[in-house]
Amino acid sequence: MFEKVDTNVNFPKEEEKVLAFWDEIRAFEKSLEIRKNNDEYVFYDGPPFATGLPHYGHLLAGTIKDVIPRYQTMNGKYVDRVFGWDCHGLPVEYELSQELGLNSKSEIEEYGIAEYNEACRGIVLRYTAEWRQFVKRIGRWVDFENGYRTMDRDYMESIWWVFKQLWDKGLIYEGHKILPYCPQDATPLSNFEANQGYESVQDPAITVAFKLKDEPDAYLLAWTTTPWTLPSNLALTVHEDVDYVYVKDGDVTYVLAEARVDTYYPSSRPEIVKTIKGKDLLDMQYEPLFPYFEDLRAQGAFRIITAEFVTTEEGTGIVHTAPGFGEDDAEAGRVYGVPSVCPIDAECRFTSEVRDYEGRFVKDCDSDIVNRLKEEGKLVHRSTHHHSYPHCWRCESPLIYRAISTWFVNIEKIKDQMLRANAQIHWVPEHIKAGRFGNWLENARDWAISRNRYWGCPLPLWRNEETGETVCVGSIGDLEERTGGKFDDIHKHFIDPVIIEGETGPLTRVPEVLDCWFESGSMPYAQRHYPFENKDWLDAHFPADFIAEGLDQTRGWFYTLVVLGAALFDRPPFENVVVNGMILAEDGRKMSKRLKNYPDPMHVMDTYGADALRLNMLSSPVVRGEDLAFSEQGVQKTMRSVLLPLWNAYSFLVTYARVDNWQPTSERSDHPLDRWIRARLNHLVRDIRQGLDRCHLQTAATRFATFIDDMTNWYIRRSRRRFWKSDNDSDKLSAYATLYHVLLTLVKALAPFAPFITETIYRNLRASDMPESVHLCDYPDVIEADLDEKLEQQMAHTRTAVGLGRFLRSQANVRTRHPLRTAILVSMQEDVREDLRVLQDIIADELNVKDVDIRANEEEVVTLSAKANFRVLGPRLGKNMKAAAEKIAGLSSEEIRSLRQGHTHILDLDGAECLEITVDDILIQREEKEDMPVANEGDITVALDLYRDEDLVREGLAREIVHVIQNIRRDKELDVSDRIAVTYSVPDEVAPAFDQFRDYIMGETLCTTLVRADEVEGDAVDLEGQVVRFLVEKTSAS
RNA sequence: GGGCCUAUAGCUCAGUUGGUUAGAGCGCGCGCCUGAUAAGCGCGAGGUCAGUGGUUCAACUCCACUUAGGCCCA
């Protein structure tokens, strides 16, 4: 206790020591053990991929995931925190495919799915060591040992259980989804992948005429850049509200959007036969361009439908629609019951359905198709079109959008449950609930959960392709029972060969694996192998009390958790969620490894410390969903403005406690300063608790800075002398007891935010009967008896008065060191005068005046004028407000005085009615009188009597002398308790100051002998224009 | 293209149910203070509250549109 404190603190070094200490005493485990039998606060951790290194976003989310559980732990809750790893999915497969040089699905299958999957398993946890290093260094306490991994057998079995629940509820169905597809690799890509590879290309752009069935020689014009999709055309789409025109072109009539006529007929405007709205075209039938799917007319093909996506920006305003090859097309077709065809094989070659082009790669058929249409007179216009088009990120082939057989979760059926669940969630920031997330839920489409990939949790479906009989397996036991086999691993390569005997014959596995979001969304159940084990556990651990992730998870983890929670239990899966914004580089752009536009996180933590980084992030709006332009300077600033002052306050206490050999007591002092800082302290604790209870981290974090400022720059500064007294009198002991109590409480309150420095300080302040770590303490409660808003108000008024007095001194160019006779404080408010009176000693001392004169009559020092109180009068007066404001501005000082004495006043508003006003309807403004320098703020006005007599001048000199000697002490790096001998030479003019204030000077500077000499070999110092020399020698340590 | 968020001093951000001198910190300049401090205090300069229009007696605040940035979805 009270080991010597190094003022030259190196935070990162201290933090390393703390990390070692935590390891040594197993602090995290202990923090859990001591709460073992208490109420739980349930936290779910979202799993990251371990195939990349952690970045600032992870550190930020990790910090938030640390603060709240630490707070709740100190609050007495048991907060289990297990880490999780997202192991499956495309990111892993990409990484591996690149390493192995496998560029397509066929190459992977050639390589062998078993080998490939095992290789994936091998690299999945590649960076976990680095992750643990980062997580540990930022100070996050989380259980890695019992962490869940989505590729574990138990986890996957729970996923199957989740899937089976949905299956049994009839929420799973097979359908088609239009996906970008690489013809070279014969694989669908995610939209995310497609977005990676946009390139500018030139495609054919043709305008084609579709003959209307029931109108002779009338043709609909449609425009397309993918001629090869025309054989699969099954509809034409128009916009309901767009005007379409029939134009005469030679012997025939074309239909197109009116807005596009000028483009197609640039030289001369054709004759317009008639104009109709898009909705009037609805359901009109047309002749297919090609004969391949003619028989589909009976099922609703070859007619006009409408959709919102149609524009008149390009083309004809009539959109060629092939539901098998476009997302918009598929959706519009679905709405109107248009069938869908996709007559191409895995390599995107036409199948036999399109007999003329069978076996040829679709894009290679473009020109033949165009030529054929031209020969048949169906081609109206041809050109080329430059546009940005997605390409495969691996092989650079242009992608083809095509229907892929996909399994879906029917969101429509459970939307009500999802909305109900969302209604019960507390979002930080609040707006996400109804905004971003709520909107997303309202418009959510069915969720495509299958992937044509290898490394993932397999769909537990077996099917007879001929009869359609399908079985959903709900557990490994179920599978073993049905097959008689034994399965230690249910990854694709183990169960693909498995055949299940169905009622209609053998069933083979449906080859797809699950979307990894389905897997992470199953985390609340799968992390504990529910319901195969821990059956009761879930009752107490669902929903979570708290989760925290980035804004990008709105459509990710937050969404999938809610879908599954709503579908399975009709409940929200979490009750509180903190959504953090994105961390950008200092220039406001994305952080980019390539551009290196941000500092390495480890470097930041090694330079300023993890506490500084944590507090910097926590006090930024990034913890409520806004972006943070991260800057190293910001972290440094946090260190300087919060951590250093805290450390210095701590160092101050320890330094003097050592000098006096002081031991902690629990005294509750009555000294006004002590009562004030305790009031501030409890006010702080109350605010922090309120903030943390509602997961408002930023408001909480920023409160510490103001408190620490109050503590160091007012409480300690004002109390310094109390610590210097040579006797251990009661006032000194009060000061010690108070500062000790304040610091100890403060580090406990701050511990969840800055776990390192608080631990270091706590360890050196704790008595032997206290817990060995600050993180094993209880979170401070508000001591109601210490709250004192009245006193806080008094001190605020006092500090205002002091500030005003300082301003006057600086205006008059009179240093605070030079004492003045009187400060005049004026306020018309009796309660304000009382406030100032209570603490007037502080004002006198701060302003270095002999007397404080508190007066009521402001008019002695200022001229008063009045201004309308808009807030009060506005609602009452409405339109007459302006006239009243003018009248009020013109009130005389007598009228103002009369109002202030409680009288009412009648204003004659020209032309309008009269208005009776009271003092509450005006605001008093104060202006300095010409001959009286004053300063004013609010209800307080200050004036200073600047006349200095001989005594005051001499006393000022004495203080100058003390100041000079103190500076010499400091330059000589003397200890605060070293005694000194001073010899000085001085001109006679200044000598009386030394003689008259001899005791004062010696006392202030711990000087044992003060001797005047003619010649002194010391530094020359300017003292009010006179040259003085001092020789300062250390005589002894105290 | 759609949804949501953001835009206030050179920088980072506050700004109550709309109410009349728009605040703080950092940085800059001047002054002051200093047996804890890498500090602190006072003052000063620095603002078309992104832009346009509207509602209102009154708009940083409410509404519409526009511009720029961010996230997500197309």
Side-chain angles (χ1 to χ4, degrees), chain A residues 5 7-9 191 195 308-309 311 313 327-328 429 431-432 434-440 442-443 445 550-556 559 579 581-582 584 586 588-590 616 619-621 624-629 631 633-634 636-637 639-641 644-656 698 702 705-706 709 712-714 716-717 720-721 723-724 799 802-811 813-817 846 848 867-875 877-885 923 925 935 962-963 965-967 969-970 974-978 1004-1006:
Chain A
V5 175
T7 46
N8 261 328
V9 61
N191 279 310
N195 281 334
E308 284 296 314
F309 71 83
T311 72
E313 304 283 306
E327 172 122 47
D328 286 336
H431 61 77
I432 293 182
R436 180 184 269 253
F437 194 71
N439 279 326
W440 174 247
E442 300 275 1
N443 302 313
R445 301 223 203 134
L551 190 60
D552 51 340
Q553 294 299 323
T554 317
R555 270 81 158 167
Y559 178 65
V579 185
M582 298 292 120
L584 308 175
E586 194 164 3
R589 300 197 302 170
K590 268 195 217 191
N616 179 247
S619 51
S620 142
R624 31 162 243 255
E626 289 179 33
D627 295 333
L628 166 65
S631 87
Q633 270 187 0
Q636 185 185 29
K637 210 187 291 180
M639 181 190 75
R640 287 183 136 150
S641 61
L644 267 175
L646 171 62
W647 185 265
N648 291 327
Y650 154 68
S651 151
F652 175 87
L653 172 70
V654 172
T655 303
Y656 286 95
Q698 188 201 8
T702 47
T706 40
D709 185 70
T712 58
N713 292 320
W714 193 253
I716 294 184
R717 186 160 72 76
R720 249 186 322 228
R721 288 179 168 274
F723 291 90
W724 298 342
R799 293 179 76 172
V802 169
L804 293 170
R806 288 227 188 85
F807 168 59
L808 290 171
R809 273 186 173 273
S810 87
Q811 294 293 297
N813 213 0
V814 181
R815 294 178 166 184
T816 310
R817 270 201 294 274
E846 282 287 316
N848 195 14
K867 184 177 177 181
N869 188 338
F870 282 80
R871 190 188 280 269
V872 173
L873 288 175
L877 296 183
K879 283 194 202 310
N880 292 325
M881 188 62 229
K882 266 183 187 155
L923 297 171
Q925 305 206 287
V962 169
H963 171 65
I965 296 175
Q966 299 292 27
N967 280 348
R969 281 187 69 111
R970 162 182 292 206
L974 296 185
D975 201 74
V976 293
S977 53
D978 286 341
E1004 287 293 301
T1005 59
L1006 299 186

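Computed over heavy atoms, backbone and side chain alike; hydrogens, waters and symmetry mates excluded. Chain letters run A, B, ... following the sequence lines, proteins first and then strands; every chain starts at 1.
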Who pairs with B:C43 - Watson-Crick or G-U, where each distance is under 3.5 Å: B:G29

So which nucleotide does B:U21 pair with, by the Watson-Crick or G-U wobble rule with both distances under 3.5 Å? none

May I ask which nucleotide in the shown strands pairs with B:A68, Watson-Crick or G-U wobble, both distances under 3.5 Å? B:U6

Pair A:Phe437 and A:Trp440, ring centroids less than 6.0 Å apart: no

Examine the base of B:U17 for any acceptor or donor lying under 3.5 Å from a partner atom in the side chain of A:Arg871, and report the outcome as yes or no. yes

Counting the atoms with a prime plus P, OP1 and OP2 as sugar-phosphate, which does A:Leu923 contact under 4.0 Å by heavy atoms, base, sugar-phosphate, or nothing? nothing

What pair of heavy atoms forms the shortest contact from A:Tyr656 to A:Phe723, and how long is it? CD2-O, 4.1 Å

By the 4.0 Å heavy-atom rule, please label A:Gln966 as base, sugar-phosphate, or nothing. base

Donor-acceptor contact present, side-chain A:Asn439 to main-chain A:Gly435, <3.5 Å: yes

Phosphate OP1/OP2 of B:C26 contacted by A:Arg640 side-chain N/O (<4.0 Å): no

For B:C49, the Watson-Crick or wobble partner whose two distances fall under 3.5 Å: none

Under 4.0 Å between any heavy atoms, over every strand shown, what does A:His963 touch: base, sugar-phosphate, or nothing? Just pick one. base

Whom does B:C62 pair with, Watson-Crick or G-U wobble, provided both distances fall under 3.5 Å? B:G54

I need the CG-C1' distance between A:Asn439 and B:C4, as an integer number of Å. 7 Å

Partner lookup for B:G35, please. Criteria are Watson-Crick or G-U wobble with both distances under 3.5 angstrom; report none if nothing qualifies. none

Give A:Arg445 one of three labels, base, sugar-phosphate or nothing, depending on what nucleic acid heavy atoms sit under 4.0 Å from its own. nothing

Over all strands shown, is A:Val872 touching base, sugar-phosphate only, or nothing at heavy-atom distances under 4.0 angstrom? nothing

B:G35 glycosidic torsion: syn (within 90° of 0) vs anti: syn

Answer yes or no: does a side-chain N or O of A:Arg717 lie under 4.0 Å from OP1 or OP2 of B:U34? no

By nearest atom, which of the nucleotides B:A38, B:C5, B:A36 is closest to the A:Glu626 side chain? B:C5

Closest approach of A:Ala649 to A:Thr712 (non-hydrogen atoms, all atoms of both residues): CB-CG2, 3.9 Å

Options B:C41, B:C26, B:G35, nucleotide nearest the side-chain atoms of A:Leu1006: B:G35

Of the listed B:G70, B:G42, B:C26, the closest approach to the A:Lys637 side chain comes from B:C26

For the C1' atoms, the ones on B:U56 and on B:C63, what distance do you get once it is rounded to whole angstrom? 12 Å

Taking B:U6 as the reference, what is the distance to B:A50 when you measure between their C1' atoms (whole Å, please)? 11 Å

